[in-house]
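Report on the following structure.
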Amino acid sequence: MASQRLDSIQAVKGTRDLLPPETALWQRLEEEARRVFRAYNFHEIRTPILEPTGLFARSVGADTDIVMKEMYTFRDRDDESLTLRPEATASVVRAFIEHRLFNEGGLHKLYYIGPMFRRERPQKGRYRQFYQIGAEALGSDHPAIDVETLEMLHLLLERWGLEESTLLLNSVGCPRCRPEYLRALRRALDGVRDKLCADCQRRAVTNPLRVLDCKVEADQPIIEALPRMADFLCPECRQHFEAVQSGLRERGIAFQHAPRLVRGLDYYTRTTFEIVSGALGAQNAILGGGRYDGLSEMLGGPPAPGFGFAIGEDRLVLAVKEAQARQGREEIESGPLVYIAWMGEAATDPAAKLARELRRQNLSVEISPTPIKLKKSLGIASKVKARFTVIIGEGELAGGRYQVKDMTTGQQTAVEAGQIVQVLRQNSATVA
RNA sequence: GUGAGCGUAGCUCAGCUGGUAGAGCGCCAGACUGUGGAUCUGGACGUCGCGGGUUCGAAUCCCGUCGCUCACCCCA
């Protein structure tokens, strides 16, 4: 896209600048998330972007792709190995343990918004610096937590206009029942391996669960016949999974049991889920999450079961834009409420004073630093999408009444100089 | 890490089988000396990503390189 000069510095591969007006959409989505989180009594936590490398090796899993080849890891000057966080759940649990939040008892419901880093090859919906909006409920293994959190997500997606997305739900069991399933799966794969696609033949050895996720058409019948985790769940896990499903049904939250849904992080237990949205390209999962009952202990803390999710904000933005386009809606680009057009040296002070007063009322104002021709002022006002233009020239100063022009209707009225702020403030309230 | 496609004006792009750059939009100015979004006229802006090669001559062909994009892998 952009050509580059030899001597010009540009953003690091896989990172990008978010510019207005797009940042307005990001802000809106984040504000809606904060509002919903507050409604469910989640509170914000801010953890460092930099963490000791060991944190992720122990939580995400030393053998996962994320840890093996996707982390930004470097040695600090004192030789400590540091890593730019590839995800935030590990950090939240680390903070939970470090600050002894478990001593307060009860449930801790936390959310975060911020950048994560993974050194992958960038493509649509996947960047090296990407943003996640996530939440974690720590301190209970009750299925009601899973259900409540999914209900919260359901509301959030509705607020974002993404009610058409699909919730995929599965259970990956626990350290007691999963090993047995993996043995059964490996045994079954041994028998059919040579009939699978090349990728799956490799996965069958390196990561058998991944075979279940294969999208190759020809493999589907074989995959369908493989053993399913659902048939291997221990009684406790089975009961938990059923409680989550019936809870969702009771609340009218649609979901699909996705027996083949597996997640790439080692810490997940029992409930795992993903929400996919069409037309996002190959990266169609806008959010994923699940339960991680053993994570706290893996990090040296006390037992503290948890449930959480992370939304890929970059993908969320893509999905929202896509949904808006499909519904013929469009984000309205909002300009300032008022543009002040002033002519002649005598208007300098009155114009500046009006601008200051309006701004002190939190009304957005644009004003030229130098006097310019009215025709040009109106051109600028129109270009920046100002709702009103206030005209201050010789005649207005003499009469003590400024012209207020509504830029959408073109109507113009004279308003007492002393009344302008009040009149515009009222109008701003009626404007969407 | 692997593969494919693409790098021409601020943006979107055209430029056939090599003859040394164009359109639309945008921007600036004027028609219209205090009334915008329309129209018309004029104007500014390009080391054709970079380096090398072939050739009388390269935006165009070849090689290399850098960058971007999409896909695989994996994941948000």
Side-chain angles (χ1 to χ4, degrees), chain A residues 1-14 16 60-61 64-70 85-89 113-134 197-200 202-203 206-207 209-210 213-216 261-265 273-277 280-289 308-319 335 339 341-344 347 371-386 388-397 403-412:
Chain A
M1 189 199 285
S3 54
Q4 70 290 333
R5 302 282 273 289
L6 207 62
D7 57 349
S8 73
I9 294 178
Q10 51 183 315
V12 171
K13 183 201 282 291
R16 59 202 180 128
V60 173
T64 58
D65 277 6
I66 292 177
V67 170
M68 284 198 304
K69 46 188 201 193
E70 294 172 3
R85 64 181 185 192
E87 61 112 38
T89 301
I113 299 176
M116 309 295 156
F117 303 83
R118 265 136 69 173
R119 200 184 183 293
E120 299 176 271
R121 194 79 157 247
Q123 70 188 70
K124 186 178 180 130
R126 194 177 68 188
Y127 306 96
R128 289 184 173 182
Q129 174 173 337
F130 59 104
Y131 295 80
Q132 287 189 334
I133 300 174
C197 69
D199 278 338
C200 283
R202 181 176 45 75
R203 291 184 189 125
T206 60
N207 193 348
L209 285 177
R210 277 275 149 218
D213 208 24
C214 178
K215 286 152 202 145
V216 175
L261 173 68
V262 290
R263 319 226 73 249
L265 286 63
F273 67 96
E274 197 168 285
I275 290 182
V276 295
S277 176
L280 275 194
Q283 313 302 327
N284 66 348
I286 64 173
L287 106 228
F309 62 83
I311 300 161
E313 197 172 0
D314 309 76
R315 292 179 189 179
L316 169 68
V317 167
L318 285 174
Y339 185 84
W342 58 282
M343 288 79 69
I372 43 183
K373 287 194 276 190
L374 180 60
K375 179 176 159 53
K376 180 148 193 213
S377 285
L378 285 165
I380 294 170
S382 164
K383 203 179 99 182
V384 301
K385 296 186 164 63
F388 298 98
T389 298
V390 173
I391 300 167
I392 308 174
E394 265 180 53
E396 285 75 18
L397 289 172
Q403 294 292 329
V404 176
K405 176 162 184 154
D406 184 320
M407 297 303 283
T408 49
T409 65
Q411 277 178 355
Q412 195 168 306

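Fair warning: this is a prediction, and the values are worked out from it, not measured in the lab. A, B, ... follow the sequence lines: proteins, then strands. Residue 1 opens every chain.
- Applying the Watson-Crick and G-U wobble criteria (two distances, each under 3.5 Å), U41(B) pairs with A29(B).
- Straight-line distance from the CH2 atom of W342(A) to the P atom of U35(B): 19 Å, rounded to whole Å.
- Distance from the side chain of S382(A) is smallest to G37(B) among C27(B), G37(B), U35(B).
- Here U35(B) sits opposite no nucleotide as a Watson-Crick or G-U wobble pair (both hydrogen-bonding atom distances under 3.5 Å).
- Comparing the P positions of U8(B) and G15(B) gives an interatomic distance of 14 Å, to the nearest angstrom.
- We find that CG of L287(A) is positioned 10 Å from P of A76(B), with the value rounded to whole Å.
- Rounded to whole Å, the distance from CD on Q10(A) to C1' on U69(B) is 14 Å.
- Nearest-nucleotide positions on RNA chain B place Q412(A) closer to the 5' end than the other of Q412(A) and G14(A).
- Whole-Å rounding puts the D406(A) CG to G37(B) C1' distance at 13 Å.
- Per the geometry, CG belonging to D65(A) stands 12 Å off P belonging to A76(B), to the nearest Å.
- Nucleotides C40(B) and A4(B) are separated by 48 Å at their P atoms, to the nearest Å.
- Here, C66(B) and G24(B) have their C1' atoms 30 Å apart, quoted to the whole Å.
- Looking only at side-chain heavy atoms (C-beta outward), E87(A) and V60(A) come within less than 4.5 Å of each other.
- Across every strand in view, G19(B) sits in a pair with C56(B) that passes the Watson-Crick or G-U test at under 3.5 angstrom.
- Which of C72(B), U35(B), A76(B) sits closest to the side chain of R121(A) comes down to C72(B).
- With both ends at atom P, the span from A9(B) to C50(B) equals 11 Å, rounded to whole Å.
- By the 6.0 Å contact criterion, CD on Q412(A) is enclosed, its count of non-hydrogen atoms from other residues, nucleotides or ligands being greater than 12.
- Comparing U35(B), C70(B), G34(B) by their nearest atom to the side chain of K124(A) picks out C70(B).
- Where G312(A) and M343(A) each meet RNA chain B at their nearest nucleotide, the meeting point lying more 5' is that of M343(A).
- Nucleic acid contact for G379(A): sugar-phosphate only, since backbone atoms but no base atoms lie under 4.0 Å from a heavy atom of the residue.
- Contact annotation: K376(A) reaches the phosphate of A29(B) (side-chain N/O to OP1 or OP2, under 4.0 Å).
- When the P atom is compared between C61(B) and A31(B), the two are found 48 Å apart, to the nearest whole Å.
- With P as the reference atom, C73(B) and U2(B) are 16 Å apart, rounded to whole Å.
- Only the C1' atoms considered, A38(B) is 39 Å distant from G49(B), to the nearest whole Å.
- The listed nucleotides are G34(B), A76(B), C32(B); the one nearest the side chain of I391(A) is G34(B).
- Applying the 3.5 Å distance criterion, the base of U35(B) shares a donor-acceptor pair with the side chain of K405(A).
- Rounded to whole Å, atom C1' of G1(B) lies 17 Å from atom CZ of R118(A).
- Looking at the side chain of Q123(A), the nearest of the listed nucleotides C72(B), A29(B), A76(B) is C72(B).
- No hydrogens or angles were tested; on distance alone, a donor-acceptor pair under 3.5 Å links the side chain of E396(A) to the base of G34(B).
- Proximity of K373(A) to the phosphate of G34(B): no side-chain N or O atom is located under 4.0 Å from OP1 or OP2.
- Of all the heavy atoms in L261(A) and F273(A), the pair that sits closest is CD2-CA, 3.7 Å.
- For R128(A) and C74(B), the CZ to C1' distance is 14 Å, given to the nearest whole Å.
- Proximity of M343(A) to I391(A): side-chain heavy atoms (C-beta onward) are separated by under 4.5 Å at one or more points.
- Spacing between C13(B) and A21(B) at atom C1', rounded to whole Å, works out to 14 Å.
- Side-chain atoms of R119(A) and K69(A), non-hydrogen and from C-beta on, never get closer than 4.5 Å to each other.
- With both pairing distances under 3.5 Å, A4(B) is matched to U69(B) as a Watson-Crick or G-U wobble pair.
- In terms of polar N and O atoms assigned as donor or acceptor, the side chain of R126(A) never comes within less than 3.5 Å of the base of A76(B) in a complementary pairing.
- In this structure, the side chains of Q129(A) and V12(A) stay at 4.5 Å or more apart for every pair of heavy atoms.
- Atoms CE and CD1, from M116(A) and I66(A) in turn, are 11.5 Å apart once rounded to the nearest 0.5 Å.
- The side chain of Q132(A) contributes no N or O atom lying less than 4.0 Å from OP1 or OP2 of A76(B).
- Base pairing analysis places G24(B) opposite C11(B); the two distances defining the Watson-Crick or G-U wobble pair are each below 3.5 Å.
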